[in-house]
Number of protein chains: 2
Amino acid sequence: MITLKDVARALGVAPSKVWLALADHPHVHERTKARVRAAAAEMGYVGHLPARVMRGGRSALIGLTIPDVRNDFYSTAAQAISEACARDGYQVVLCLTGDAPDRERDQLRGLVAARCAGVIVVGTGRMHRETVALLDQVPHVQLIRRARGLHAPWFGIDDAASTRLAVEHLVALGHRDLGYVGGDLELSTGAERFRGFREAMAAAGLASTARWCEHGSGDEASGRVATHRVLGGARRPTALVLAGSRLTAGALAAIRELEIGVPRELSVVGFNDAGALGWWGSGVTSVGLPVGDIALACASGLLAALRASSPGAPAGETQAGAQVAATFAPYLVERGSTAAPESRKRARAA
Amino acid sequence: MITLKDVARALGVAPSKVWLALADHPHVHERTKARVRAAAAEMGYVGHLPARVMRGGRSALIGLTIPDVRNDFYSTAAQAISEACARDGYQVVLCLTGDAPDRERDQLRGLVAARCAGVIVVGTGRMHRETVALLDQVPHVQLIRRARGLHAPWFGIDDAASTRLAVEHLVALGHRDLGYVGGDLELSTGAERFRGFREAMAAAGLASTARWCEHGSGDEASGRVATHRVLGGARRPTALVLAGSRLTAGALAAIRELEIGVPRELSVVGFNDAGALGWWGSGVTSVGLPVGDIALACASGLLAALRASSPGAPAGETQAGAQVAATFAPYLVERGSTAAPESRKRARAA
DNA sequence: GAGATATCTGCTAACGTTTGCAGTCGGAGC
DNA sequence: GCTCCGACTGCAAACGTTAGCAGATATCTC
């Protein structure tokens, strides 16, 4: 591998001269710079980042810890974050936690060991204490979930509003018996979305039936199982609120397995309006999230913080335009999976 | 940030002793080891990987260059690759190229500068010469696409077979007028899939109508536009073969926009049987790919090569079980989007 | 022509880890 | 008691880059 020294030797000059030339230092003659640049390109010289990092700096890596990239929400976020980081010369290290605190800790150890510049974190429910200590050593921001014990800037959605929108839509259609399939209550997202559901139900003068409310781990399989439980009983709700991206996939699979007609027998509101929900057939009514915007704001927040703490920036003064936190609003996309309940239709017909 | 020296100073011993203790070297007293380990954990010492890399090694990073993570195929692959790499202590750097050779080159420069251990590459169609030169400096393997000028191990599918399966299925149902929407013919995948389509058509004694064959860039938008072109004419095919994951999404959107009844007016075979195609309604018949298996084989191939070239391995001898290349077979998943054409049904009824 | 200044150049040290080698200490054998 | 051996410990160098500082050359002024 070609080093700076090799280039210097080939040109018969000192390494420091080569360095100054490549860094476009004013104390180097233009003629020399051109010669050095040509030689470097010719020899295929590529700077040794680790060596640069060793001289006190931080690497050009930004860690992104997410539970699962196959989840539409996270893959969309990863795309936006990666593009934003690339614009600033950073590369993204993809860290999958599978929502396991152990894996989260291991990944974070790796990131700190690599002296990454910053971390964007989607924390697990029961984060290890060591994980928090590791995060303290690196600039970081939180995406979607607010982790207990972490005080870093947070970028996410108004989670309670997302389920409230779904309930209000269904209540307006005439539904009174609503089921709910959501994620882990240990997570801020799971807890908030369920709070939104319960509060919206109460506001409509309805009781949330415990037997029709399930809280899974958030993945597709748990959504499937939970939906089977909610809909498998003798009496079942006329509408179902889903409060998770992968949960929605699992729930729809379960509904197909149970051969329940949608929206005739059951209205369904999905979560995170990914393309798939609109593609096919009459589409799934769902709560949409501006995922790209959230992720972009999150990345921009971290990048602004990094710029502010870099030596070139005006120290002590807060960077203008650096967003330290943001809450985005979810919205409802009406499609073919919701309709007035049969009872209501019959009443109308009479 | 705590260094090895700091730990040594706190304990009143030499840095090298701390190092040997943490590396579990036999020449250090067990009592000392325990004391050092306790102190290191207490002080929150995390090794400085860049410094380690500087001593001649390579970093614990593996680059993954893909066009787009939002694509089901690539997000599933990224998940499998990331998990496999994590098992070996590597972390994955996510590099998005957007199929632009410039971005690909920039990303690769970053990877080489970071002295990453290896790269898994999904090459763009017209790779820069510099990109090839950069890849020459790093162990790498190719995923899905075979890039011109690259001779590294390749892991992918029998692309021609994927479209052949689709054509054979449709021909067996009685279709004779088939449309095709595929990806860039510059890419090995685009070219091979179209070859498979044409050859299967020829084998069935059918001509592939040029006006019904479109080749887009492979993203959702191009699939939508291409489908509009294929189906927008006065006379249209009775069945459509889709040869790309995102193209399928775009095509289904276009079909909805055109209000064409599936499978009554048009049979559709999708590509890459992602969950979404099975979730909803009667489902989309599609060509399935063992994406996880391909990605896993690819990662394993690279990891085996890295193990073989690491100093600890028996030099000169080929590692047993190291897969240097693999072709996986696609399969057809029959669902509700394909049926016999109306003409055939009428003929039968008569 | 000599000195002063401006422009450019080269030497050297430092970052933190890792490894080889030399040194020290204690115990055991003669 | 002396020597030899083994077990353990500490010193120093190297990786490639970068920055500060001193030195060298050329140009300009008096």
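By convention in this document, chain letters (A, B, ...) are assigned in the order of the sequence lines, proteins followed by strands, and residues within each chain are numbered from 1.
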Visitor: Nearest to the side chain of B:Trp19, heavy atoms from C-beta on, is which of D:dT9, C:dT18, C:dG16?
Guide: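 The answer is C:dT18, which lies nearest to the side chain.
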Visitor: On the nucleotide D:dT17, are OP1 or OP2 found under 4.0 Å from the side-chain N or O atoms that A:Tyr45 carries?
Guide: yes
Visitor: Please give, in whole Å, the distance from C:dA14 P to A:His48 NE2?
Guide: 21 Å
Visitor: Between B:Asp184 and B:Arg145, does any side-chain N to carboxylate O distance fall below 4.0 Å?
Guide: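 No, no charged N to carboxylate O under 4.0 Å.
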Visitor: Assess whether a salt bridge exists between A:Arg103 and A:Asp106, defined as any Lys/Arg side-chain N lying under 4.0 Å from an Asp/Glu carboxylate O.
Guide: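 Answer for the salt bridge query: no.
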Visitor: Once you round it to whole Å, what is the distance between C1' of C:dT24 and NZ of B:Lys17?
Guide: 12 Å
Visitor: For a quick test of reading the model, state the closest non-hydrogen atom pair linking A:Leu111 to B:Gln91 and the distance between them.
Guide: N-OE1, 3.8 Å
Visitor: Looking across every strand, which nucleic acid part, if any, lies under 4.0 Å from A:Arg52 by heavy atom: base, sugar-phosphate, or nothing?
Guide: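 Contact class for A:Arg52: sugar-phosphate only.
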Visitor: Starting from C1' on C:dC15, measure out to CG on B:Leu49 and report it in whole angstrom.
Guide: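 Spelled out: CG on B:Leu49 to C1' on C:dC15 is 15 Å.
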Visitor: Take atom CG of B:Leu20 and atom C1' of D:dC11, then tell me their distance rounded to the nearest Å.
Guide: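 Checked: the CG to C1' distance equals 13 Å.
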Visitor: I need the CG-P distance between A:Leu4 and D:dA19, as an integer number of Å.
Guide: 12 Å
Visitor: Whole Å only: how far is the NZ atom of A:Lys33 from the P atom of C:dT7?
Guide: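 Computing the A:Lys33:NZ to C:dT7:P distance gives 13 Å.
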Visitor: Taking all atoms of both residues into account, what is the closest heavy-atom pair of B:Pro67 and B:Thr97, and its distance?
Guide: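 For B:Pro67 versus B:Thr97, the nearest heavy atoms are CA-OG1, 3.4 Å.
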Visitor: Identify which nucleotide among D:dG10, D:dC15, D:dC8 has an atom closest to any side-chain atom of B:His29, counting heavy atoms from C-beta outward.
Guide: D:dC8
Visitor: Taking N and O atoms by type only, does the side chain of B:Ser16 place a donor or acceptor under 3.5 Å from a partner on the base of D:dC11?
Guide: yes
Visitor: Nearest heavy-atom pair of B:Val291 and B:Ala77: which atoms, and what distance?
Guide: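 The pair with the smallest heavy-atom distance is CG1-N, 4.0 Å.
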Visitor: For the pair made of NE2 in B:His25 and P in C:dG20, what is the distance, rounded to whole Å?
Guide: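 In whole Å, C:dG20 P lies 8 Å from B:His25 NE2.
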Visitor: Measuring from the side chain of A:Thr32 (C-beta onward, heavy atoms only), which nucleotide among D:dA19, C:dT9, C:dT18 has the closest atom?
Guide: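 That would be C:dT9.
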Visitor: Kindly say if B:Lys5 contacts the phosphate of C:dG16, meaning a side-chain N or O under 4.0 Å from OP1 or OP2.
Guide: no
Visitor: Nearest heavy atom decides the nucleotide; on that basis, is B:Gly12 or B:Met54 closer to the 5' end of DNA chain D?
Guide: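 The 5'-side residue here is B:Gly12.
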Visitor: If you check every side-chain atom of B:Arg55, which of D:dT18, C:dG10, C:dG16 has the closest atom?
Guide: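 So the side chain of B:Arg55 is nearest to C:dG16.
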Visitor: What is the distance, to the nearest angstrom, from the CZ atom on B:Arg9 to the P atom on C:dT17?
Guide: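 The distance from CZ of B:Arg9 to P of C:dT17 comes to 12 Å, rounded to the nearest Å.
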